[in-house]
Amino acid sequence: ELDIPIVESWAHARDPIDMLVAFSNVDAGRLAAGHLSERGFRQPAFIGRGSGRGKLRLQGFAERLAEQPPRGGEVGDGDGDVIQTADHAA
């Protein structure tokens, strides 16, 4: 054994070899949606994979917009289907 520290990164490993630096994909999606919504974008869009990490990011993105939807915006699932509409009057 060489006794060399090993730092894994990117995704949460259930059983890291030594140390792990990672982030939540759901939280990343929430932060992205919040950033766009707070800056006044009316139809923020998520473009990404619908499986794996992309699905988790979409989940966070949609959850954030459902909690505080942009005025007149829509949340779609990437396949052209609208998940939720949010058409609030000013």
Side-chain angles (χ1 to χ4, degrees):
E1 187 172 316
L2 297 175
D3 196 31
I4 299 171
I6 298 172
V7 180
E8 295 178 71
S9 64
W10 193 254
H12 290 276
R14 295 188 200 287
D15 188 21
I17 296 169
D18 189 1
M19 295 173 270
L20 174 66
V21 178
F23 59 90
S24 164
N25 284 288
V26 173
D27 288 345
R30 292 178 66 79
L31 286 169
H35 175 80
L36 296 172
S37 184
E38 289 163 10
R39 278 150 187 80
F41 289 93
R42 295 181 60 186
Q43 293 182 310
F46 175 89
I47 300 172
R49 295 182 60 180
S51 61
R53 294 183 299 267
K55 184 175 182 178
L56 294 172
R57 290 186 200 120
L58 174 58
Q59 174 188 335
F61 194 88
E63 286 174 359
R64 171 60 174 80
L65 293 179
E67 292 169 6
Q68 187 177 2
R71 282 208 286 247
E74 295 179 340
V75 180
D77 67 1
D79 291 326
D81 298 322
V82 173
I83 295 172
Q84 175 181 3
T85 61
D87 193 11
H88 299 322

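Just so it is clear, the model here is predicted, and its values are computed rather than measured.
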For Pro69 against Ala66, the heavy-atom pair lying closest together: CD-O, 3.8 Å
Nearest 0.5 Å, please: how far is CD in Glu8 from CG in Asp18? 8.5 Å
Which hydrophobic side chains are connected to Ile4, either touching it within the sub-4.5 Å cutoff or through other members that do? Leu2
The criterion is side chain to side chain donor-acceptor pair (under 3.5 Å); which residues satisfy it with Gln59, sequence neighbours excluded? Glu63
Acceptor/donor pairs from residues 25-34 side chains to any protein atom, 3.5 angstrom cut, sequence neighbours excluded:
residue : atom : partner : partner atom : Å
Asn25   : OD1  : Arg57   : NE           : 2.9
Asn25   : OD1  : Arg57   : NH2          : 3.0
Arg30   : NH1  : Glu67   : OE2          : 3.2
Arg30   : NH2  : Glu67   : OE1          : 2.8
Arg30   : NH2  : Glu67   : OE2          : 3.1

Within a reach of under 6.0 Å around CD1 of Ile6, are more than 12 heavy atoms found that belong to other residues, nucleotides or ligands? yes
Interatomic distance, Arg64 atom CZ to His35 atom NE2 [nearest 0.5 angstrom]: 11.5 Å
Mind checking side chain to side chain donor-acceptor pair (under 3.5 Å) for Arg14 and listing every partner two or more places apart, or none if nothing turns up? none
Can you name the residues that form a side chain to side chain donor-acceptor pair (under 3.5 Å) with Arg53, not counting sequence neighbours? none
If you look at every heavy atom in Gly50 and Lys55, which pair is closest and at what distance? O-CB, 3.6 Å
Mind checking the CZ-CG spacing from Phe46 to Leu36? Nearest 0.5 Å is all I need. 11.5 Å
Connected hydrophobic set around Leu20, excluding itself, where side chains approach under 4.5 Å: none
